[in-house]
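Notes follow once the structure below has been shown.
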Amino acid sequence: MDNSMDYGLAILKPDGVIKPKVYDSFKRKLEKNNLEIVFEKRAQLQKKDILSHFSSPFNMDEYADYVSSGEIISFLVRGHGASHKLREIKLAFRKEYGFTSNDMRNLLHTADHGNEYNLQFKLLFPSYNIVVYSQYADLTVKLIGSTNEILNQLLKIDQESNLKYIGLLCEDYSIIEAVREFNKLNSGKLEVITVYTYKTNFKDIDIELLGYLPLKKTPTVSARPMHGSITEFFEWIRDNEGLVILNYLPLKNISSEMLNYLKALGLYGVQVYDPRRTLTEAEILEDIVEDDFDLFVSGGTNGCDVAGAISIGKYEFNQLTNLYLPEEKVKPQKLH
């Protein structure tokens with residue numbers, strides 16, 4: 001399995017299916033962008049499926065009536081930065097035909113992020129394993145067990161998923177030792193990023209910070225300030241050329257005051273895509289994190305699903321270039 005590429009999902013809406021030449025034009029654009037069609041499927045979705053697997057800026061009842069009113073064609077595609085390329089194709093495609101995002105009948109939908117991709121893949125291709133067709137990086141993988149058990153789990157992820165990178169949450173030495181043993185094998189496609197956790201609280205809300213180190217950095221657990229101050233944790237990660245991301249919190253517990261405080265300390269991003277979030281919650285938080293705070297949007301399974309079930313695309317992951325090419329400091333870029 002060549003995991004240097006990732007997967008993306010697109011849907012021709014009912015108006016895109018019936019409009020002449022749209023289908024052929026879309027396939028030509030995929031080919032031009034070096035995106036390979038892995039699966040193509042025609043179906044007519046039920047209204048309840050739209051309501052539970054999609055979100056829309058339009059009235060959801062009206063939107064669900066429209067999308068379920070006729071046949072759709074779904075595409076699973078593969079390529080370098082597939083989900084981002086699909087989004088660019090979508091915007092250009094709509095403009096070419098005189099549509100904008102303000103038009104409900106605007107030909108094409110794409111799954112733009114981890115939660116959306118997860119939900120819609122499982123709806124449209126239920127007989128296939130999403131892990132095999134995952135996106136590029138699951139940045140919050142949680143494994144438990146002895147060193148050998150964790151090593152075997154890493155080998156399984158390497159062999160069975162499309163993931164190129166995982167961020168492995170490290171809380172004890174057995175995990176660090178398993179990563180070292182995995183790296184010694186030098187036969188895997190999977191790259192493991194060491195992630196150190198730091199638990200604290202803000203205004204009586206328990207939070208967990210994740211310190212990501214570059215691939216070349218694998219210090220011992222005892223070397224990190226497990227019981228130091230939050231400032232010491234940020235400084236230690238920064239001194240090791242890493243970055244800090246706020247791990248999952250329920251949306252109601254994330255305040256502007258909290259994000260401002262953490263950003264002042266050096267916060268780089270927020271775990272937005274997570275199995276515990278609804279699609280709507282993920283999209284609300286995505287807008288807050290990117291638009292209001294100019295922070296990186298992260299995602300992963302966090303021990304709540306099999307590694308790769310929720311992940312981010314190659315384009316999005318490459319904004320974290322300083323994790324594996326420390327000399328390049330990449331500022332988070334707006335994805336929309």
Side-chain angles (χ1 to χ4, degrees), residues 3-4 81 136-143 150 154 163-184 186 188-200 207-248 259 261-272 289-290 293-300 302 311-335:
N3 60 352
S4 66
Y136 196 65
D138 182 339
L139 292 179
T140 50
V141 173
K142 187 177 291 187
L143 304 177
I150 293 169
L154 289 173
L163 292 169
K164 174 62 176 177
Y165 290 92
I166 63 169
L168 182 60
L169 307 189
C170 297
E171 296 179 334
D172 58 55
Y173 188 76
S174 64
I175 297 177
I176 298 296
E177 189 59 31
V179 173
R180 289 193 175 123
E181 291 299 317
F182 179 77
N183 290 337
K184 284 179 185 177
N186 200 31
K189 303 177 297 297
L190 184 71
E191 300 276 8
V192 181
I193 301 165
T194 307
V195 187
Y196 293 103
T197 60
Y198 180 86
K199 293 179 172 62
T200 184
I207 65 174
E208 183 175 65
L209 298 171
L210 305 177
Y212 289 75
L213 299 189
L215 287 172
K216 70 174 185 178
K217 297 280 188 177
T218 311
T220 62
V221 172
S222 60
R224 73 188 180 100
M226 295 179 65
H227 306 293
S229 69
I230 187 171
T231 302
E232 289 172 328
F233 180 74
F234 272 95
E235 288 176 350
W236 185 80
I237 295 297
R238 187 163 53 247
D239 288 345
N240 280 281
E241 301 176 325
L243 53 87
V244 179
I245 286 177
L246 175 65
N247 201 3
Y248 170 83
L259 293 179
Y261 167 71
L262 294 173
K263 186 174 181 181
L265 290 173
L267 187 73
Y268 191 86
V270 177
Q271 169 86 355
V272 170
V289 170
E290 289 187 328
F293 291 91
D294 194 28
L295 292 169
F296 175 77
V297 170
S298 183
N302 243 323
S311 48
I312 63 173
K314 185 173 185 177
Y315 173 84
E316 292 76 21
F317 177 80
N318 281 345
Q319 293 176 81
L320 288 169
T321 302
N322 57 329
L323 284 177
Y324 54 99
L325 294 175
E327 67 274 11
E328 296 186 23
K329 298 296 183 182
V330 180
K331 183 181 183 295
Q333 300 175 16
K334 181 66 181 169
L335 301 182

Exercise. Could you give me the CA-CA distance, side-chain angles and deciding distance for Leu295 and Leu267, then say whether side chain to side chain contact (heavy atoms under 4.5 Å, CB included) is met?
Key: CA-CA 8 Å; Leu295 292 169; Leu267 187 73; 4.0 Å; yes
Self-check item: With sequence neighbours excluded, residues passing side chain to side chain contact (heavy atoms under 4.5 Å, CB included) with Ile237
Solution: Leu213, Phe233, Val244
Quiz item: Between Leu163 and Ser311, what is the shortest heavy-atom contact and its length?
Solution: CD2-CB, 4.1 Å
Quiz prompt | Heavy-atom closest contact (Gln271 atom, Ser298 atom, distance) | solution = OE1-OG, 3.7 Å
Quiz item: Roughly how far apart are Ser4 OG and Lys189 NZ, rounded to 0.5 Å?
Solution: 10.5 Å
Quiz item: Any side-chain heavy atom of Leu139 within less than 4.5 Å of one from Tyr212?
Solution: yes
Quiz prompt | Partners passing side chain to side chain donor-acceptor pair (under 3.5 Å) against Glu177 (at least two apart in sequence or in another chain) | solution = Tyr173
Quiz item: Say you draw a straight line from CD1 of Ile312 to OH of Tyr165; how long is it, rounded to the nearest 0.5 Å?
Solution: 11.5 Å
Quiz item: With side chains defined as the heavy atoms from C-beta onward, is the minimum distance between Leu262 and Leu209 less than 4.5 Å?
Solution: yes
Quiz item: Does Gln319 reach the side chain of Val297, with side-chain heavy atoms less than 4.5 Å apart?
Solution: no
Quiz item: Between Leu246 and Leu259, does a side chain to side chain contact (heavy atoms under 4.5 Å, CB included) hold up when you go through it step by step?
Solution: CA-CA 9 Å; Leu246 175 65; Leu259 293 179; 4.1 Å; yes
Practice problem: Return the minimal non-hydrogen interatomic distance between Phe293 and Lys263, and the atom names on each side. | Solution: O-NZ, 2.5 Å
Quiz item: Are any non-hydrogen side-chain atoms of Ile166 and Leu154 less than 4.5 angstrom apart?
Solution: yes
Exercise. Over 60° means perpendicular and under 30° means parallel, so classify the ring planes of Tyr196 and Trp236, tilted if in between.
Key: perpendicular
Quiz prompt | Evaluation steps, side chain to side chain contact (heavy atoms under 4.5 Å, CB included), between Ile230 and Leu265 | solution = CA-CA 9 Å; Ile230 187 171; Leu265 290 173; 3.9 Å; yes
Quiz item: Could you state the interatomic distance from CD (Glu232) to CD (Glu235), rounded to the nearest 0.5 Å?
Solution: 7.0 Å
Quiz item: Is a donor on one side and an acceptor on the other found under 3.5 Å between the side chain of Tyr248 and the backbone of Glu208?
Solution: no
Quiz prompt | Contact check, side chains of Leu190 and Phe182, non-hydrogen atoms, under 4.5 Å | solution = yes
Quiz item: Does Thr197 reach the side chain of Asn247, with side-chain heavy atoms less than 4.5 Å apart?
Solution: no
Quiz prompt | Thr194 to Cys170 - nearest heavy-atom pair and separation | solution = CG2-SG, 3.7 Å
Practice problem: Mind listing the closest non-hydrogen atom pair of Leu169 and Ile175 along with its distance? | Solution: O-CD1, 3.4 Å
Quiz item: What is the distance from atom CD1 of Ile150 to atom CG of Leu168, rounded to the nearest 0.5 Å?
Solution: 7.0 Å
Quiz prompt | Phe234 CZ to Leu243 CG distance, which is reported to the nearest 0.5 Å | solution = 10.0 Å
